[in-house]
Asker: 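Got a structure for you, written out below as structure tokens; questions coming shortly.
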Protein chains: 2
Amino acid sequence: MISTKGRYGLRVMIDLAQNDNGSYIPLKDIADRQEISKKYLEIIVKQMVEGGLIKGLSGKGGGYKLVKKPEKYTVGEILTLLEGTICSVACLADKNYDCPRRKKCETLPMWKEFDGIVHDYLYSKKLSELL
Amino acid sequence: MISTKGRYGLRVMIDLAQNDNGSYIPLKDIADRQEISKKYLEIIVKQMVEGGLIKGLSGKGGGYKLVKKPEKYTVGEILTLLEGTICSVACLADKNYDCPRRKKCETLPMWKEFDGIVHDYLYSKKLSELL
DNA sequence: CCTAAAACCTATTGACACAGTAGGAAATAG
DNA sequence: CTATTTCCTACTGTGTCAATAGGTTTTAGG
């Protein structure tokens with residue numbers, strides 16, 4: 001289940017794309033438009049800056065802006081950054097984890113196939129398609 | 001993310017299908033084969049009995065068995081029973097919930113589409129395909 | 001009838017993540 | 001110099017997850 005972090009973050013990205021006028025957009029405006037606590041958005045937006053998804057500028061006239069064109073972002077990369085990993089099951093989430101039942105597990109192939117479908121959908125969906 | 005409840009429950013179903021000899025299969029055997037705590041499985045299996053997925057018989061010679069043929073179960077129905085709901089986002093999980101932003105939400109259509117894909121996959125996958 | 005084996009039932013717990021809140025420090029344009 | 005804005009650290013209540021624990025009831029077979 002995608003948490004508010006991922007959902008809100010995605011909405012911030014859409015908001016930034018829709019209101020892009022070349023300059024930086026203050027978080028307050030986004031919070032007002034999206035009806036989300038600005039304080040909470042700060043946490044999310046910080047992660048997005050650190051992850052290189054957007055850039056921020058402090059001080060008056062500051063705010064946030066996209067670093068790429070909307071069609072260059074995929075929903076998958078946005079959600080992965082905020083959710084940590086988009087995986088249906090824990091066995092696949094941690095790539096280093098080596099399940100002792102890996103060889104005989106009857107469900108693993110299905111989870112892999114399922115994960116592939118989810119992945120394909122989210123990484124083919126562009127931010128620009130949501131505007 | 002599918003929790004252990006759903007994953008273990010699915011494995012119990014597979015185990016019951018694979019070891020079906022007409023009589024009841026004790027949980028201890030399943031727990032041993034699947035290498036899962038029997039105590040924990042009790043909780044999961046109880047839910048599956050209440051949900052009508054399997055039936056149990058107390059006493060010596062008792063255990064659990066499927067109520068339908070493996071090809072009559074879908075992975076979706078099994079997971080839905082154990083996970084409560086298989087929904088990617090909270091907005092769609094509770095059918096009675098009426099989001100105030102429903103009309104203007106730019107992300108809702110995508111979540112619906114995504115949910116549809118997930119649903120389609122899980123409800124078309126039969127238990128018998130996992131044996 | 002007795003006993004062993006099994007399901008069934010209630011309660012508890014430690015750890016962790018989620019969804020925020022709070023208060024201030026640093027940066028920057030005008 | 002000041003108002004605005006990001007940036008940073010810390011805290012907190014709530015809930016779920018993943019079990020564990022200890023018992024009671026049911027049932028088949030000797």
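Reckoned from all heavy atoms, side chains included, excluding hydrogens, waters and symmetry mates. We name chains A, B, ... by the order of the sequence lines, and we start the count at 1 in each one.
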Asker: Separation of L41(A) atom CG from dT5(D) atom P, in whole Å?
Answerer: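 Those two atoms, CG and P, are 15 Å apart.
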Asker: Does a side-chain heavy-atom distance below 4.5 Å link L41(A) with I44(A)?
Answerer: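 Yes. Closest side-chain heavy atoms under 4.5 Å.
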Asker: Closest nucleotide of DNA chain D for R7(B) versus for G61(A): which of these residues is on the 5' side?
Answerer: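 Going by which nucleotide is closer to the 5' end, it is G61(A).
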Asker: Within a radius of less than 6.0 Å around NZ of K125(A), do more than 12 heavy atoms belonging to other residues, nucleotides or ligands occur?
Answerer: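 Buried by this count: over 12 neighbours within 6.0 Å.
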Asker: Side-chain N or O of S3(B) versus OP1/OP2 of dT16(D): is the shortest distance under 4.0 Å?
Answerer: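 No, no such contact exists.
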Asker: Within the 4.5 Å heavy-atom criterion, are L53(B) and V67(B) side-chain neighbours or not?
Answerer: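 No, side chains not in contact.
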Asker: What is the separation between atom CD1 on I44(A) and atom C1' on dC8(D), rounded to the nearest whole Å?
Answerer: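 Atom CD1 in I44(A) sits about 16 Å away from atom C1' in dC8(D).
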Asker: Using atom CG of L82(B) as one end and atom C1' of dT16(D) as the other, report the distance to the nearest whole Å.
Answerer: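 One finds 15 Å between C1' of dT16(D) and CG of L82(B), rounded.
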Asker: Let me know the distance between CD1 of I2(B) and C1' of dA18(D), rounded to the nearest Å.
Answerer: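 For the pair I2(B) CD1 and dA18(D) C1', the rounded distance is 16 Å.
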Asker: Just the rounded figure in Å: distance from C1' of dC11(D) to OH of Y40(A).
Answerer: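 The answer, rounded to whole Å, is 15 Å.
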Asker: With the criterion being N/O to N/O and under 3.5 Å, what pairs connect the protein with nucleotides 7-11 of chain C, and how long is each?
Answerer:
{"from": "dA7(C)", "atom 1": "OP1", "to": "L27(B)", "atom 2": "N", "distance (Å)": "2.6"}
{"from": "dC8(C)", "atom 1": "OP2", "to": "Y64(B)", "atom 2": "OH", "distance (Å)": "2.9"}
{"from": "dC8(C)", "atom 1": "N4", "to": "E42(B)", "atom 2": "OE1", "distance (Å)": "3.3"}
{"from": "dC8(C)", "atom 1": "N4", "to": "E42(B)", "atom 2": "OE2", "distance (Å)": "3.3"}
{"from": "dC9(C)", "atom 1": "N4", "to": "E42(B)", "atom 2": "OE1", "distance (Å)": "3.1"}

Asker: Return the orientation label for the H119(A) and Y123(A) ring planes: parallel under 30°, perpendicular over 60°, tilted otherwise.
Answerer: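 Parallel, since the angle between the ring planes stays under 30°.
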Asker: Atom OH of Y24(A) and atom P of dT5(D): how far apart are they, to the nearest Å?
Answerer: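 Computing the Y24(A):OH to dT5(D):P distance gives 15 Å.
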Asker: How close or far is atom P of dA5(C) from atom CG of D32(B), stated in whole angstroms?
Answerer: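 Value for this atom pair: 14 Å.
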Asker: Testing K72(A), K68(A), K126(A) one by one against E77(A) for a salt bridge (Lys or Arg N to Asp or Glu O under 4.0 Å), which residue passes?
Answerer: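 Passing option: K68(A).
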Asker: Would the number of heavy atoms belonging to other residues, nucleotides or ligands and lying under 6.0 Å from NZ of K28(B) be above 12?
Answerer: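 No, NZ of K28(B) has 12 or fewer neighbouring heavy atoms, counting only those of other groups under 6.0 Å.
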Asker: Closer to the 5' end of DNA chain C via nearest nucleotide, is it K60(A) or Y8(A)?
Answerer: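 This one resolves to Y8(A).
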Asker: Think S37(A) has a side-chain N or O under 4.0 angstrom from the OP1 or OP2 of dG20(C)?
Answerer: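 Looking at the OP1 and OP2 atoms of dG20(C), neither is under 4.0 Å from any side-chain N or O of S37(A).
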Asker: Closest heavy-atom contact between L127(B) and I78(B)?
Answerer: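 Scanning both residues completely, I find the closest heavy atoms to be CD1-CD1, 4.4 Å.
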Asker: Would you mind reading off the distance between D29(A) atom CG and dT6(D) atom C1', rounded to a whole angstrom?
Answerer: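 Value for this atom pair: 14 Å.
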